[in-house]
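For reference, the structure discussed in these notes is given below.
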Amino acid sequence: MKKTILAFSVNEIQNRCLIPTGAKVLSVVLKNDNATLYVLADTDNGLEERFFVNCVTNEEVDFNDCKERKFIGSYEQGFIVYHLFELIN
């Protein structure tokens, strides 16, 4: 089974993203001043909705709406450090 690494702009995700079912989230990096989420996916699979939240260092975060959260990674944009989490219900 062949898989493909796909890229999604974190700015365009706005807390939710349609990605192939069963995709594995690999990382988040700053590329050309855009935060980019990379996933390893079987592109023959249907799509599923996945939820993400971007948090800023030293700001309060409310995770009460989800059962579990998975840390994806951190990236710096200007003077701000962001931390991306996947919300799992």
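This one's a predicted model, so the numbers in the text were calculated from it and none came from an experiment.
Taken from CG in L84 to OG1 in T36, the straight-line distance is 11.0 Å, to the nearest 0.5 Å. The structure places CG of L37 at 9.5 Å from OG of S9, a figure rounded to the nearest 0.5 Å. One distance of note links CD1 of I19 with CG of L47; it measures 9.0 Å at 0.5 Å rounding. A distance of 8.5 Å separates CG of L6 from CG of L40, quoted to the nearest 0.5 Å. In this structure, K70 NZ and I88 CD1 are separated by 6.5 Å, a value rounded to the nearest 0.5 Å.
The backbone N or O of P20 lies less than 3.5 Å from no partner atom in the side chain of N45, so there is not a single donor-acceptor pair. Under a 3.5 Å cut-off, the side chain of S74 and the backbone N or O of H83 do not form any donor-acceptor pair. A distance-only check finds a donor-acceptor pair linking the side chain of Q77 to the backbone of D33 [under 3.5 Å].
One hydrophobic cluster holds both V53 and F51 under the rule that ILVMFWY side chains link at heavy-atom gaps under 4.5 Å. Residues I80 and V28 fall within the same hydrophobic cluster, defined by Ile, Leu, Val, Met, Phe, Trp and Tyr side chains chained together at heavy-atom separations under 4.5 Å. Under the 4.5 Å side-chain heavy-atom criterion for grouping Ile, Leu, Val, Met, Phe, Trp and Tyr, Y38 is not connected to F52 through any hydrophobic cluster. Hydrophobic clustering (side-chain heavy atoms under 4.5 Å, transitive across Ile, Leu, Val, Met, Phe, Trp, Tyr) keeps L18 apart from L87. Put simply, I72 and V81 are part of two different groups of oily side chains (I, L, V, M, F, W, Y) that touch within less than 4.5 Å, one to the next.
Using a 4.5 Å heavy-atom threshold, the side chains of K24 and L26 count as touching. Looking only at side-chain heavy atoms (C-beta outward), V25 and E86 come within less than 4.5 Å of each other.
Between Y75 and Y82, the angle of the ring planes stays under 30°, which puts this pair in the parallel group of the 30/60° scheme.
Each salt bridge (Lys or Arg N to Asp or Glu O under 4.0 Å) pair with one or both residues in residues 37-49, not counting sequence neighbours, appears once here: R16-E49, E48-R50.
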